[in-house]
Amino acid sequence: MAGAWYLLLVTTKNETLIIEMPWPQLHINPSHRFEKMKKKYMVVRRMCQVLFLVTTLLIGIRFYQFTVPLEQGMIQDIQRPPGVEAFLPISALVSLKYFVLTHGINKIHPSGVLIFLFVVLTAVLVKKSFCAWVCPIGFMSELLTHLHFRIFKKAVTLPPLLDFVLRGLKYCLLAFFLFTILYKMSPKALEQFIFSSYNIVADIKMLKFFTEISMTALVSILVLVVLSIIIRYFWCRYLCPYGALLGALSFLSPFKVRRDPITCTNCKRCDRACPCSILISKKNTIVSDECFACGKCVDACPETNTLFISLPKKKFKLSPWAVAGMVILVFLGGSFLARRAGLWHNQVSNTVYLGAMLENNLIDIKGVKDMDTFVNNLDNLDNRGQRLLMMKMMQERKK
Ligand code: SF4
Ligand code: SF4
Ligand code: SF4
């Protein structure tokens, strides 16, 4: 309709005027707008985050379905989702040292150590992309920043010195875990931990942490949520040892946010957009352990080809789709290869699970509906301690 004309009737007290007006030229080209939108990191990243969040929820539901019958002493034909081991980073670190020492992936939580390696790989490839593109906690923290802006109207940051000191906390926690596990644990201690009944049911304990949450845990989570509203990304920025590890490894990443000083107009929009308070407009290459390749600065830059995520010398600029593809490929491709190699699923029989759950007080013997099936299921227990425990619990049930 561009170029067309229409008539405007203007009625005053005495007369009616007819004015010819040009049709407003809105310059809307739907395909062009869609092209622009496609380039936005925010849109693609959100899709990626939702994809991983849904996957996490499905894994959680499946694991719940696997655990409930076991708690009632039943064995059902529900396969345990190996992805649940993503939530056992301590166990994964222990398994990693065991893997380095023995060249074998343990059969208790094999996917845990592999997922840990996938996460590490994403950091070595594209900064802390795991945090901004995959991690559900990072996603939740980001959603809480919207509340921050609603309440405070602008970004509230801590004084630089306090911020710097607090950021050190996550590195202290990381150092503690690395020292305790990688340095202090002997090969024997590693083996004892990996094959302990505690480690076998660590995933079930983790599930129960949420399904039967204690008051202390609930209050702690609420405090962290409130702190994350007041100070953006409180947990991620100051306390998460996983994030600290990824931040340290991200220095190796060849892909970094880079600025072209020739076309940059120094408008500082990128600085204001950065959730990590990095002063992008002052550097040509962002070398920071905090950058999680979210692309918010790139989205905010009004100049073409001025700010981008690329290899040195502006080579191979990454589009948002390329970052998403890279991250998804690491997880999907990695798990596919691990499946093919028979390294994805653990080798813990349901009977062993039942025995380990018994030992860790995860079975409410009074809640067991079919006692005969339960006893039959445990008939094969070769752990004398577990058999004695079972007999004791059954006697208590009879009282
Ligand atoms: S810092 Fe930790 S919790 Fe936050 S997004 Fe990264 S890995 Fe997840
Ligand atoms: S520098 Fe850019 S990509 Fe990195 S965290 Fe800040 S806004 Fe995100
Ligand atoms: S937003 Fe773009 S143009 Fe503005 S200061 Fe940052 S890099 Fe330069």
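Ligands are counted one by one from 1 in listed order, and the atoms in each one are counted from 1 as well.
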Nearest 0.5 angstrom please: His148 NE2 to Ile231 CD1, how far?
9.0 Å
Counting non-hydrogen protein atoms only, what is the nearest one to atom 5 (S) of ligand 3? Give residue, atom name and distance.
Lys268 N, 3.1 Å
Parallel, tilted or perpendicular: which fits the ring planes of Phe255 and Phe316, with parallel below 30° and perpendicular above 60°?
tilted
Under 6.0 Å between ring centres: does that hold for Phe66 and Tyr353?
yes
With a cut-off of 4.0 Å, which atoms of ligand 3 are near a heavy atom of Ser281?
5 (S)
I'd like a table of donor-acceptor pairs (distance under 3.5 Å, sequence neighbours excluded) in which one partner is a side-chain atom from residues 83-95, with atom names and distances.
{"from": "Glu85", "atom 1": "OE1", "to": "Ser111", "atom 2": "N", "distance (Å)": "3.0"}
{"from": "Glu85", "atom 1": "OE1", "to": "Ser111", "atom 2": "OG", "distance (Å)": "2.8"}
{"from": "Glu85", "atom 1": "OE1", "to": "Gly112", "atom 2": "N", "distance (Å)": "2.7"}
{"from": "Glu85", "atom 1": "OE2", "to": "Arg80", "atom 2": "NH1", "distance (Å)": "3.1"}
{"from": "Glu85", "atom 1": "OE2", "to": "Arg80", "atom 2": "NH2", "distance (Å)": "2.8"}
{"from": "Ser91", "atom 1": "OG", "to": "Asn199", "atom 2": "OD1", "distance (Å)": "3.0"}
{"from": "Ser95", "atom 1": "OG", "to": "Ser91", "atom 2": "O", "distance (Å)": "2.9"}
{"from": "Ser95", "atom 1": "OG", "to": "Asn106", "atom 2": "ND2", "distance (Å)": "2.8"}

Which residue and non-hydrogen atom of the protein lie closest to atom 2 (Fe) of ligand 3, and at what distance in Å?
Cys301 SG, 2.4 Å
Hey, which atoms in ligand 3 end up nearer than 4.0 Å to a heavy atom of Thr265?
3 (S), 8 (Fe)
Distance-only criterion, 3.5 Å: show the donor-acceptor pairs between side-chain atoms of residues 261-276 and protein atoms not counting sequence neighbours.
{"from": "Thr263", "atom 1": "OG1", "to": "Thr306", "atom 2": "OG1", "distance (Å)": "2.9"}
{"from": "Asn266", "atom 1": "OD1", "to": "Lys268", "atom 2": "NZ", "distance (Å)": "3.3"}
{"from": "Asp271", "atom 1": "OD1", "to": "Ile280", "atom 2": "N", "distance (Å)": "2.8"}
{"from": "Asp271", "atom 1": "OD1", "to": "Ser281", "atom 2": "N", "distance (Å)": "2.8"}
{"from": "Asp271", "atom 1": "OD1", "to": "Ser281", "atom 2": "OG", "distance (Å)": "3.4"}
{"from": "Asp271", "atom 1": "OD2", "to": "Ser281", "atom 2": "OG", "distance (Å)": "2.5"}

Shortest protein contact, atom 6 (Fe) of ligand 1 (heavy atom only):
Cys131 SG, 2.4 Å
Result block: side-chain N/O donor-acceptor pairs under 3.5 angstrom for residues 152-160, not counting sequence neighbours:
{"from": "Lys153", "atom 1": "NZ", "to": "Arg150", "atom 2": "O", "distance (Å)": "3.0"}

Any atoms of ligand 2 less than 4.0 Å from a non-hydrogen atom of Pro275? List them with their elements.
7 (S)
I need the contact type for Tyr233 against ligand 1. Using non-hydrogen atoms and a strict under-4.0 Å cut-off, is it side chain, backbone, both or neither?
neither
For atom 4 (Fe) of ligand 3, what's the nearest protein heavy atom and its distance?
Cys267 SG, 2.3 Å
Which atoms of ligand 1 sit under 4.0 Å from any heavy atom of Gly138?
5 (S)
Near Ile137 (heavy-atom distance under 4.0 Å), the atoms of ligand 1 are 3 (S)
Check whether any side-chain N or O of Ser250 sits under 3.5 Å from a backbone N or O of Ser253 as a donor-acceptor pair, and report yes or no.
no
Kindly give the heavy-atom pair with the smallest separation between Lys256 and Phe251, and that separation in Å.
NZ-O, 3.4 Å
If the cut-off is 4.0 Å to any non-hydrogen atom of Trp235, which atoms of ligand 1 fall inside it?
3 (S)
Report the part of Pro302 (side chain from C-beta onward, or backbone N, CA, C, O) that has a heavy atom under 4.0 Å from ligand 3; answer both or neither where that applies.
side chain
Should you measure from each heavy atom of Asn266, which atoms of ligand 3 turn up under 4.0 Å away?
5 (S), 8 (Fe)
Counting heavy atoms only, which part of Cys240 comes closer than 4.0 Å to ligand 1: side chain, backbone, both or neither?
side chain
I need the minimum non-hydrogen distance between Leu207 and Thr67, along with the two atoms involved.
CD2-OG1, 3.8 Å
State the atoms of ligand 3, each with its element, that fall below the 4.0 Å cut-off from a heavy-atom position in Glu303.
3 (S)
What protein heavy atom lies closest to atom 8 (Fe) of ligand 3? Include the residue and the distance to one decimal.
Cys264 SG, 2.2 Å
Applying the side chain to side chain contact (heavy atoms under 4.5 Å, CB included) criterion to Val327, which one of Phe130, Phe52, Phe118 satisfies it?
Phe52
A student checking ligand 1 against Gly243 at a 4.0 Å heavy-atom cut-off should list atoms 1 (S), 2 (Fe)
Verify the distance test for Cys270 against atom 8 (Fe) of ligand 3: any N/O/S atom under 2.8 Å, yes or no.
no
Taking only Lys NZ, Arg NE, NH1 and NH2, and the carboxylate oxygens of Asp or Glu, determine whether Arg232 and Glu290 approach each other closer than 4.0 Å.
no
Which value, rounded to the nearest 0.5 Å, describes the distance between Leu245 atom CG and Asp289 atom CG?
12.0 Å
Protein N/O/S atoms closer than 2.8 Å to atom 4 (Fe) of ligand 2
Cys291 SG
Report the residue from Lys314, Lys283, Lys313 that forms a salt bridge (charged side-chain N to carboxylate O under 4.0 Å, His left out) with Asp260.
Lys314
Near Arg259 (heavy-atom distance under 4.0 Å), the atoms of ligand 3 are 7 (S)
For the residue pair Lys282 and Arg259, what are the closest heavy atoms and their distance?
C-NH2, 4.3 Å
Side chains of His109 and Val348: closer than 4.5 Å at any heavy-atom pair?
no
